[in-house]
Amino acid sequence: MSIHPALKEHSGELAVIVGNLVAGTGAARDAFNRHSRSSMEEMRTLIRTAAQDLEAALKHLDEQMARKSPGEGAALKRLASVYNRLQIIAQNLDALADPIHKKIKDGVLFSDKAVSQTNYLFDTQAGMLRSVLDIIKTDNEFLKRYTETEARNLVQACNNFATEHETRLIEGLCLPQAAPLFLAILENMRMIGQHEAEIVQLLN
């Protein structure tokens with residue numbers, strides 16, 4: 001059974017959830033760049049609100065599936081898989097709080113290159129989440145292909161940035177105390193990209 005009727009029925013709650021994840025990503029970017037503790041708190045609030053809404057939505061889906069025939073419940077199971085991946089995305093976004101907090105608390109400076117790469121990841125991530133929401137609303141095939149490609153490109157970018165960072169570290173262009181923070185950001189962004197690609201596949 002097609003997932004799209006179920007998506008249409010739940011598009012309102014999905015719009016709120018994904019909107020909070022996008023806003024949380026923006027707040028994380030501000031906290032990273034401005035060393036803003038208020039942006040950190042905003043980030044945590046937005047992402048944890050999205051996580052709570054996802055948990056409630058999954059519980060509601062379970063109740064709906066219990067009342068459906070196996071055929072009717074198939075689309076809801078796929079929708080639940082979308083929600084599960086959004087949960088993982090929310091968890092990885094929330095995990096960004098730790099390295100950003102340490103960067104702020106200890107006044108850790110990143111190299112210009114690392115700052116540029118991190119901002120690229122924040123901006124691309126927010127754009128992909130918006131694209132996921134647009135796919136849910138429009139079921140646009142071109143947008144599906146584009147978003148899946150962008151997600152896989154982001155995963156590869158994270159791998160490339162990690163390799164480039166090792167080179168900068170060896171050359172003394174990056175502070176050693178920045179290394180674990182930058183690599184933690186890369187790993188969480190890589191995981192988010194993987195799950196965004198999987199969401200697009202589920203929406204096909």
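Computation of the quantities below employed the complete heavy-atom set of this structure, encompassing side-chain atoms and omitting hydrogens, waters and symmetry-equivalent molecules.
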Query - Shortest non-hydrogen contact from Ala184 toward Pro99 - result: CB-CG, 4.1 Å

Query - Heavy-atom pair with the smallest gap, counting every atom of Ala90 and Leu21 - result: CB-CD2, 3.8 Å

Query raised in the report: Do Thr163 side-chain atoms and Asn159 backbone N/O form a donor-acceptor pair below 3.5 Å?
Result: yes

**Report entry** Interatomic spacing from CG in Leu54 to CD in Gln91 - rounded to 0.5 Å
**Finding:** 9.5 Å

Report task. Starting at OG1 of Thr138, measure out to CG of Leu7 and round the result to the nearest 0.5 Å. Result -> 10.5 Å

Check residues 197-204 and write down every donor-acceptor pair under 3.5 Å in which the side-chain atom is one partner and the other belongs to a residue at least two apart or another chain.
{"from": "Glu198", "atom 1": "OE1", "to": "Arg85", "atom 2": "NE", "distance (Å)": "2.9"}
{"from": "Glu198", "atom 1": "OE1", "to": "His195", "atom 2": "ND1", "distance (Å)": "3.4"}
{"from": "Gln201", "atom 1": "NE2", "to": "Glu148", "atom 2": "OE2", "distance (Å)": "3.0"}

**Report entry** Cationic N near anionic O, under 4.0 Å, Glu171 to Arg168
**Finding:** no

Query raised in the report: So, for Ala126 and Val22, which heavy atoms are closest and what is the spacing to 0.1 Å?
Result: O-CG2, 4.1 Å

Report task. Decide, yes or no, whether a salt bridge links Arg44 with Asp94 under the criterion of side-chain N to carboxylate O below 4.0 Å. Result -> no

Report task. Begin from the C-alpha positions of Glu55 and His60 and carry the test side-chain contact (heavy atoms from CB on, under 4.5 Å) through to its verdict. Result -> CA-CA 9 Å; Glu55 187 175 349; His60 184 226; over 6 Å; no

Requested in this report: Please lay out, stage by stage, how Cys174 and His165 fare under the test side-chain contact (heavy atoms from CB on, under 4.5 Å).
Outcome: CA-CA 8 Å; Cys174 228; His165 173 71; 3.5 Å; yes

Query raised in the report: Is any side-chain N of the basic residue among Asp139 and Lys144 closer than 4.0 Å to the acidic one's carboxylate O?
Result: yes

Query raised in the report: So, Asn119 and Asn33: side-chain donor and acceptor under 3.5 Å apart, yes or no?
Result: yes

Query raised in the report: With a 4.5 Å limit on heavy-atom distance, are the side chains of Arg145 and Phe142 in contact?
Result: yes

Report task. Go through the steps for Asp53 and Leu14 under the test side-chain contact (heavy atoms from CB on, under 4.5 Å), then give the verdict. Result -> CA-CA 9 Å; Asp53 289 346; Leu14 278 164; over 6 Å; no

Requested in this report: Taking all non-hydrogen atoms of both residues into account, name the closest pair between Ser38 and Ser36 and its distance.
Outcome: OG-OG, 3.0 Å

Query raised in the report: Does the Asp106 side chain pair with the main chain of Val108, one donor and one acceptor, at a distance under 3.5 Å?
Result: no

Query raised in the report: Shortest non-hydrogen contact from Glu150 to Met128?
Result: C-SD, 3.5 Å

Query raised in the report: Should Asn153 and Gln156 count as side-chain neighbours, where that means a heavy-atom distance under 4.5 Å?
Result: no

Query - From CA spacing to verdict: side-chain contact (heavy atoms from CB on, under 4.5 Å), Met43, Arg29 - result: CA-CA 9 Å; Met43 167 199 172; Arg29 187 187 192 280; over 6 Å; no

Report task. State plainly whether one hydrophobic cluster holds both Phe182 and Met191, where clusters connect Ile, Leu, Val, Met, Phe, Trp and Tyr through side-chain heavy atoms under 4.5 angstrom apart. Result -> no

Requested in this report: Please name all residues satisfying side chain to side chain contact (heavy atoms under 4.5 Å, CB included) with Ala23, sequence neighbours left out, ordered by chain then number.
Outcome: Leu46

Query - Asp30 and Met40, any side-chain heavy atoms less than 4.5 Å apart - result: no

Query raised in the report: Side chains of Phe161 and Lys113: closer than 4.5 Å at any heavy-atom pair?
Result: no

Requested in this report: Give a yes-or-no answer on whether the side chains of Glu13 and Tyr83 include a donor-acceptor pair shorter than 3.5 Å.
Outcome: yes

Report task. Determine whether the side chains of Asn160 and Glu164 contain a donor N or O and an acceptor N or O closer than 3.5 Å. Result -> no

Query raised in the report: Do Ile47 and Ile88 belong to the same hydrophobic cluster, where Ile, Leu, Val, Met, Phe, Trp and Tyr are linked whenever their side-chain heavy atoms lie under 4.5 Å apart, directly or via other members?
Result: no

**Report entry** Connected via hydrophobic side-chain network under 4.5 Å: Phe32 and Leu175
**Finding:** no

Query raised in the report: When rounded to the nearest 0.5 angstrom, what distance separates NZ in Lys77 from CG in Leu79?
Result: 13.5 Å

Report task. Taking the side chain as every heavy atom from C-beta outward, state whether Glu196 and Thr147 have any pair of such atoms under 4.5 Å apart. Result -> no

Query raised in the report: Do Lys105 and His35 have side chains that get closer than 4.5 Å, going by heavy atoms?
Result: no

Query raised in the report: Taking side chain as C-beta onward, heavy atoms only, is Asn188 less than 4.5 Å from Leu93?
Result: no

**Report entry** ILVMFWY network linking Leu186 to Val115, side-chain heavy atoms under 4.5 angstrom
**Finding:** yes

Query raised in the report: Going from CD1 on Ile185 to CG on Asn92, what distance comes out if it is rounded to the nearest 0.5 angstrom?
Result: 12.5 Å

Report summary line: Rounded to the nearest 0.5 Å, the CG atom of Leu86 sits from the CG atom of Leu129 at a distance of 8.0 Å

Requested in this report: Determine the minimum heavy-atom distance between Gly193 and Val155, stating which atoms define it.
Outcome: C-CG2, 3.8 Å

Report summary line: One should read off an interatomic distance between Asn140 CG and Ser131 OG, to the nearest 0.5 angstrom, of 10.0 Å

Query raised in the report: Among the clusters formed by ILVMFWY side chains lying less than 4.5 Å apart, do Leu96 and Tyr120 turn up in the same one?
Result: yes

Query raised in the report: Is the shortest distance from a Lys or Arg side-chain nitrogen in Asp134 or Arg130 to a carboxylate oxygen in the other one below 4.0 Å?
Result: no

